[in-house]
Engineer: 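Before we start, here is the structure in question, set down as structure tokens.
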Amino acid sequence: MTPSAPGNRGDNIPPPGEAVKRPRRGLQQARPVLDEHRPLPRRLPAVPLPQPGESLFSWVDHVAASYEVDRTQIMHALGLEPRSNHAAHLAQYTAQLPLPAVQMLQAATGLEPARLRDMTISGISTGPERRKPYREMPWAPGETWAFCPKCLEPPVRWPLWWYQSWAVLCPVHDCYTASFCPDCGAPFSPSILRGDAAGRCPGFLSRSDERLPESPGKRRSKRKRCGRPLWEIVTPPVADPVVRDVHQTLIAYLAAVRSSRPTATQQWFDDFRTLRILLKDPEPLRVQSFTSPDPALRERYTDQPADDGWGIDGDVIQWQPSESGFLHPWRQGAFGSRRKERDPVTAAAEFSVIGRILGSGDMAAAAWETFGVPRRAALRSFGDELPSYLSGASPQLHGLLRQALETEAVDQVLGPAR
């Protein structure tokens, strides 16, 4: 970031790498107001521009680092009013910016609304209520994102697409992404990221008395922050070309949708989502064999039946087989609780299976050879509301849908059998 020369405000954004210039305005000049309660902030002297595809959360933290202030201070200077839980609020702004916040940011930085919108998941909201970011990923961005450890090496700048459920690899470093700290099991979630420890794990290490019942009059030991540098985590290199192809197709498709361009891959995307949801709990299809050339992906598959047992006592993360045949990480919590965590490598193994079916030339035969159907999924398994893309699945997948779904669900998707 470099100091900017005085100039008029304007709306033109400099090319990447340059700073937005400060308007010609005295420090003592009264600030315009959006309403009587929220005065617009003064323009910052210089503003580092967001990188292409950068998330709002990452950019705000970078601005704070540029001014050598904490996140709360810079959010106040930007007019975002962090209140107490600044990380959670900034995560919400990254999901979607309400129009008043856009006006605040534009006044403080000179960035056009289009550039601010591009740093959010669902754009700008002009109504009183925020929309859910995407029906397919209702947890974004408050829950777990994927991350590339190498991309988090200081200075930390990270992209918006990491929230996507398909963010399984980094095309820059050609490695799989991660989603939790291997030391403490804490997920990579923007809503808990610390502003004073960029790129470090925000989780807590397990206490020796974590799972013991509370005793009256006895205090538990104090929890310690993990603080592991996330950029030091090693993830496997990508060695399955099908996963690369699937990832690239998803990036191209969603970029076209975001820019409102027509795309020829809509059918492919509907088929991809159809096969993916059929691999998910509670009644997933069973992958009968897994032949990826990637050793990291083969480690995520087992032909052993799903096991409800927790595993070895004391481990933070346990790998448990699912009904689909893939291993999923479960995090051990206090008092014997556990939580299923996101794992990009397991997702990549699923993509390998799906990509081979979609690229086979005969999806019906490939699906028949790949999957078994332990139990048919009922309509209630989908919350009594089936995703609309199931109705758009290719006719070659209709036979699989009729096998995988109970009659009521099939009738809703494909109509009654003739």
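Numbers here are sequence positions counted from 1.
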Engineer: Kindly give the heavy-atom pair with the smallest separation between L279 and P284, and that separation in Å.
Structural biologist: O-CB, 3.3 Å
Engineer: Kindly state whether the ring of W158 and the ring of W145 have centres lying under 6.0 angstrom apart.
Structural biologist: yes
Engineer: Before giving the answer on salt bridge (charged side-chain N to carboxylate O under 4.0 Å, His left out), spell out for R194 and D61 the whole-Å C-alpha distance, their side-chain angles and the decisive distance to 0.1 Å.
Structural biologist: CA-CA 10 Å; R194 300 179 65 190; D61 272 1; over 6 Å; no
Engineer: With a 6.0 Å cut-off (strictly less than), is the heavy-atom count around CD of Q267, excluding the residue itself, greater than 12?
Structural biologist: yes
Engineer: Quick one, F269 and Y389 - any side-chain contact, counting heavy atoms below 4.5 Å?
Structural biologist: no
Engineer: Is the F180 ring parallel, tilted or perpendicular to the W319 ring (thresholds 30°, 60°)?
Structural biologist: tilted
Engineer: Counting C-beta onward and ignoring hydrogens, is there a side-chain heavy-atom pair between W368 and Q403 closer than 4.5 Å?
Structural biologist: yes
Engineer: Can you check whether L105 reaches L111 side chain to side chain, under 4.5 Å on heavy atoms?
Structural biologist: no
Engineer: Check whether W59 forms a cation-pi arrangement with R115 (NZ or CZ under 6.0 Å from the six-membered ring centre, at most 45° off the ring normal).
Structural biologist: no
Engineer: Rounded at 0.5 Å granularity, tell me how far CD1 in I277 sits from CG in L285.
Structural biologist: 11.0 Å
Engineer: Hey, do the aromatic rings of Y253 and F272 have their centres closer than 6.0 Å?
Structural biologist: no
Engineer: With a 4.5 Å cut-off on side-chain heavy atoms, are Q396 and D362 touching?
Structural biologist: yes
Engineer: Should we count CD of E232 as having more than 12 external heavy atoms under 6.0 Å?
Structural biologist: yes
Engineer: Aromatic contact between Y93 and F57, with the criterion being ring centroids under 6.0 Å apart: yes or no?
Structural biologist: no
Engineer: For a side-chain hydrogen bond (donor to acceptor under 3.5 Å, both in side chains) check, start with the C-alpha distance between R342 and S165, then their side-chain angles and the critical distance, and finish with the verdict.
Structural biologist: CA-CA 9 Å; R342 173 181 179 178; S165 63; over 6 Å; no
Engineer: Tell me, do L275 and M363 make a side-chain contact under 4.5 Å, heavy atoms counted?
Structural biologist: no
